[in-house]
Amino acid sequence: MPSPSDLASTWFASRNWKPFAFQRSVWAAIQRGESGLLHASTGSGKTYAVWLGALRAFAQLHDARRPAPLQVLWITPMRALASDTARALQAPLDELGLNWTIGVRSGDTTSAERARQARRMPSTLVTTPESLTLLLTREQAAADFASLRLVVVDEWHELLGNKRGVQLQLALARLRRWQPQLVVWGLSATLGNLPHALEVLLPAGGRLVQGRQDKRILVDTLVPSAIERFPWAGHMGLKMLPQVSAEIEASANSLVFTNTRAQAELWYQALLEAHPEWAGLIALHHASLARHARDWVERSLKQGTLKAVVCTSSLDLGVDFLPVERVLQIGSAKGIARLLQRAGRSGHAPGRTSRVTLVPTHSLELVEAAAARQALAAGHIEARYSPRLSMDVLVQHLISMALGSGFRPAELFEEVRSTWAFRDLEESQWQWALSFVRNGGSSLTAYPDYQRVAAHPDGIWRVASERLARRHRLGIGTIVSDASLQLKYWSKGGGGKSLGSVEESFIARLKPGDALLFGGRILELVRVENMTAYVRRSTARKAAVARWNGGRMPLSSELAQALVERLDAAAHGRYEGAEMHAVRPLLTLQASWSALPTQRTLLAETLHSRQGWHLFLYPFAGRMANLGLANLIAWRVSRVQPLSVSIAVNDYGFELLAASPVDWAAHLPAALAADNLLEDVLASLNAGEMALRRFREIAQIAGLVFGGYPAAQKSTRQLQASSGLFYEVFRKHDAGNLLLGQARDEVLREELEIERLHQQLQKMSGLRLDLHALRRPGPLAFALLVEGMRETLSTEKLADRIARMVADLEKAASRTMSDLAGTERRKS
DNA sequence: GACCTGCTGCGGTGTG
């Protein structure tokens with residue numbers, strides 16, 4: 001066995017590798033007992049930087065003939081990553097002849113393995129934030145972690161910005177109390193605010209180590225062959241099918257990322273229709289497919305037997321250990337960090353180039369593609385911020401800590417305040433949380449189910465009953481998903497094979513006999529019972545595409561800013577790159593009928609049509625903030641003049657449409673004022689309704705609403721009903737309940753992006769209003785018109801209507817374009 | 001001849 005200090009070098013030498021400087025510096029830091037955050041691009045050797053550092057620093061401390069006690073805790077955000085990581089960590093142990101053992105602890109861990117771990121922890125445990133918290137609720141937790149030296153938080157950027165990260169912050173505080181010398185290392189991809197990422201992980205300080213930055217990223221675009229025939233709006237992008245097929249054909253294996261599950265289903269279907277010979281060679285992957293189907297795809301990808309996989313962000317992570325040659329992104333990537341993440345799926349090894357190819361789904365996405373490349377080159381990556389003072393997570397944590405050996409309030413207060421998320425927690429808020437877990441706050445004192453923790457005479461607070469303890473363990477975690485129906489094949493003897501899950505609301509629109517597209521198959525609904533939808537294979541040609549209500553990601557500020565810069569350049573006649581040249585005719589048309597948005601102007605357009613009086617405004621603030629602005633302006637104008645408007649938004653701007661005459665131009669300057677923003681936004685929206693929806697999640701995290709036992713999950717309606725009840729009770733009888741205020745704050749911060757909205761208004765006040773009365777909708781307005789009609793019209797009627805609009809526009813557009821071409825010829 | 005809207009992640013009791 002090599003001497004401890006040579007251990008890492010020996011291993012590297014055995015594979016003919018040379019350690020990078022950053023790896024050496026991490027080894028040295030761990031040796032000195034320092035903590036830190038390591039930032040490096042994917043595939044650059046982060047894992048071995050910490051792992052070999054740990055072996056080098058700690059392995060020699062133990063008798064080589066006996067297994068070492070728990071030394072290292074390795075946290076990953078995904079179960080799949082946990083088992084892959086465990087395998088990767090095993091190799092150096094075998095080669096170096098070390099006696100360390102590696103274990104995995106997650107929801108997948110078998111009961112036999114759990115029992116083994118209860119008797120003796122492995123020397124390294126790979127686990128998830130949720131499983132870590134569960135381990136902390138055990139009676140013997142302090143003994144389990146008594147010998148712990150190092151915690152590694154893998155993919156910290158994935159946890160930093162959400163409540164899972166907050167839960168982890170609390171768990172780390174607990175581990176640090178037991179082990180004040182604990183060394184903690186975070187591994188993070190590129191973020192716009194790494195110092196913040198470091199501070200949240202290590203509030204007491206740590207080093208930021210920059211790993212290899214020489215990853216070459218190549219971003220290119222599939223430019224549609226005929227821009228005059230390319231849609232002005234839409235997001236499916238199937239028009240690009242032939243070009244995408246050709247790219248897939250030309251490489252050994254590809255990942256095709258789409259933005260929604262329904263889009264993935266449609267693309268998979270379309271690719272198979274165009275290339276029946278690809279059956280069995282291409283696959284589909286998204287979060288609603290059954291586990292076994294996803295596992296098969298991941299396995300086949302690793303074995304290299306698949307030509308292409310159409311997927312959603314379900315494959316953003318977790319394919320670290322497999323080779324992908326080509327990455328295609330259908331539609332907007334929405335943000336630079338996401339684009340980077342996806343590009344990193346290819347060329348996943350030190351020194352290799354990562355490449356991602358953008359596939360626009362409508363004309364203006366060509367500008368976005370050019371913008372994305374430019375923003376990436378300039379290093380404008382989005383930031384992520386930790387939530388603060390999430391009272392629901394705190395309430396859950398208090399009960400978790402009251403399990404096992406219980407807690408003393410004064411000690412736990414200090415511990416909780418040592419985290420970044422709760423460092424500003426006030427005594428009064430703490431007291432509120434304590435009383436809430438003890439007696440349900442001021443409104444639920446009469447219900448024993450909400451007297452979850454009892455203070456014992458010895459000063460220790462413990463969970464009141466075994467029944468409550470069990471219920472609590474079932475509800476640990478901060479991910480709240482909508483209840484969904486299982487989708488299974490119908491068979492006479494009972495349930496057949498599971499296909500995945502669909503949303504109640506989607507199935508509710510179908511009746512038995514209707515066809516649906518799911519998991520790449522056309523199926524026929526047989527019946528629905530017990531939260532299960534039974535189906536059989538169908539021969540129908542047309543089918544409803546399964547839809548889910550997922551999150552809505554707005555275009556990031558960084559990407560939006562880069563987009564406006566590209567448009568600004570175009571307004572000044574500068575067109576750079578293949579994308580901008582391709583989209584030039586369309587931008588010229590926009591400039592001719594109206595104007596192009598620039599960095600110094602705010603473009604507004606008005607139009608009077610058969611539908612009514614339209615206003616189009618383009619703040620480029622992302623769809624959420626745009627929606628907030630739209631409501632705000634509609635509300636402010638309505639205070640001056642009675643008004644009923646309908647609103648349409650996209651990532652670029654919004655449309656207000658009034659049925660009666662409005663002089664939008666006259667109202668705009670006052671309506672855009674940045675004063676009284678918060679009050680006016682709250683008044684303009686149905687904030688109560690939004691907060692109620694948000695409260696549903698909060699109530700589940702805080703453990704007010706029990707989601708049911710694993711085999712008997714409750715339906716959305718049941719959960720909605722009970723959380724709605726709590727919401728009303730608190731509002732009437734316990735207005736000081738901090739969970740109510742949290743629901744409101746989360747709506748403002750996450751659903752309306754109030755901060756961004758505010759910045760946008762201030763920015764807009766410095767812009768010159770560039771107002772144009774349109775005679776017909778231009779390219780920017782067209783997308784919003786389609787968006788607005790979508791709400792009121794069925795799909796077929798919408799297609800008809802668009803076809804008519806396009807036919808009208810077509811003539812005018814080609815006339816304008818040929819006029820312009822003539823002018824340019826004369827000029828030259 | 002242009003249409004299909006929104007992602008991901010975790011956890012797991014008691015057995016008449």
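No experiment lies behind these values; they were computed from the predicted model shown. Naming: A, B, ... by sequence-line order, numbering from 1 per chain.
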For A/Gln263 and B/dC3, what is the distance between atoms CD and P respectively, to the nearest whole Å?
13 Å
Is the A/Trp232 ring parallel, tilted or perpendicular to the A/Phe782 ring (thresholds 30°, 60°)?
perpendicular
Quick one: which of B/dG9, B/dC3, B/dC4 gets closest to the side chain of A/Ile479?
B/dG9
Any A/Arg261 side-chain N or O less than 4.0 Å from OP1/OP2 of B/dC7:
yes
For A/Leu134, answer base if it contacts any base atom (sugar-phosphate contacts may also be present), sugar-phosphate if it contacts only those atoms, and nothing otherwise; contact means non-hydrogen atoms under 4.0 Å.
sugar-phosphate
Selection from B/dG11, B/dC7, B/dT5 that lies nearest to any side-chain heavy atom of A/Glu130
B/dG11
Run the side-chain contact (heavy atoms from CB on, under 4.5 Å) test on A/Leu487 and A/Phe518 for me, step by step, so that the C-alpha distance in whole Å, both residues' side-chain angles and the decisive distance to 0.1 Å come before the verdict.
CA-CA 9 Å; A/Leu487 195 69; A/Phe518 180 94; 3.5 Å; yes
Within the pair A/Ser131 and B/dG11, is there a side-chain N or O less than 4.0 Å away from OP1 or OP2?
yes
May I ask whether A/His286 stacks on the base of B/dC7, given the cut-offs of 5.5 Å between ring centres and 30° between planes?
no
Heavy atoms from C-beta onward define the side chain here; which of B/dC7, B/dC3, B/dC4 lies closest to that of A/Met236?
B/dC4
Starting from the 5' end of DNA chain B, give me the residue, A/Gly234 or A/Glu466, whose nearest nucleotide shows up first.
A/Gly234
Out of A/Gln341, A/Arg338, A/Arg342, which residue meets the side-chain hydrogen bond (donor to acceptor under 3.5 Å, both in side chains) rule with A/Asp316?
A/Arg342
Rounded distance (Å) that lies between atom P of B/dG9 and atom CH2 of A/Trp548:
13 Å
Can a salt bridge be assigned to the pair A/Asp84 and A/Arg79 using a cut-off of 4.0 Å between side-chain N and carboxylate O?
no
Kindly say if A/Arg79 contacts the phosphate of B/dG11, meaning a side-chain N or O under 4.0 Å from OP1 or OP2.
yes
What is the nucleic acid contact for A/Thr133, judged by heavy atoms within less than 4.0 Å: base, sugar-phosphate only, or nothing?
nothing
Measure CE/A/Met78 against C1'/B/dG11 and give the value in whole Å, please.
15 Å
Which of B/dG11, B/dT5, B/dT8 is nearest the side chain of A/Ser313? It is B/dT8
Among B/dC10, B/dT5, B/dG12, find the nucleotide with the atom closest to the side chain of A/Ser481.
B/dC10
From CG of A/Asp154 over to P of B/dC10, roughly how many Å is that when rounded to an integer?
14 Å
Quick check on B/dT8: is either OP1 or OP2 less than 4.0 Å from any side-chain nitrogen or oxygen of A/Arg164?
no
Of the listed B/dC7, B/dG9, B/dG12, the closest approach to the A/Arg114 side chain comes from B/dG12
Under 4.0 Å, counting only non-hydrogen atoms across every strand here, what does A/Lys542 touch: a base, just sugar-phosphate, or nothing?
nothing
Do A/Thr312 side-chain and B/dC7 base share a donor-acceptor contact under 3.5 Å?
no
Sole candidate of A/Leu241, A/Ile330, A/Val256 that passes side chain to side chain contact (heavy atoms under 4.5 Å, CB included) when paired with A/Val359
A/Ile330
Take the protein atom CG of A/Leu474 and the nucleotide atom P of B/dC10, then report the distance between them rounded to whole Å.
17 Å
Residue A/Ala287, side-chain atoms from C-beta onward, closest of B/dG11, B/dG9, B/dC4
B/dG9
What about A/Arg229, does its side chain sit under 3.5 Å from the base of B/dG1 through a donor-acceptor pair?
yes
The side chain of A/Asn162 is closest to which nucleotide in this list: B/dC7, B/dT5, B/dG9?
B/dG9
Here the distance between atom C1' of B/dG12 and atom CG of A/Leu468, to the nearest Å, is 17 Å
Side-chain N or O of A/Arg342 less than 4.0 angstrom from OP1 or OP2 on B/dC7?
no
Reckon A/Thr128 has a side-chain N or O less than 4.0 Å from the OP1 or OP2 of B/dG11?
yes
Measure from the side-chain heavy atoms of A/Arg294 and tell me the nearest of B/dG12, B/dC4, B/dG9.
B/dG9
Whole angstroms only, please: what is the CZ-C1' distance between A/Arg384 and B/dC7?
12 Å
Any side-chain donor-acceptor pair under 3.5 Å between A/Glu365 and A/Thr361?
yes
Strictly below 4.0 Å, N to O, side chains only: are A/Glu751 and A/Arg552 in salt-bridge contact?
no
Would you mind reading off the distance between A/Glu155 atom CD and B/dC10 atom P, rounded to a whole angstrom?
13 Å
Between A/Asn650 and A/Gly475, which residue's closest nucleotide on DNA chain B lies nearer the 5′ terminus?
A/Asn650
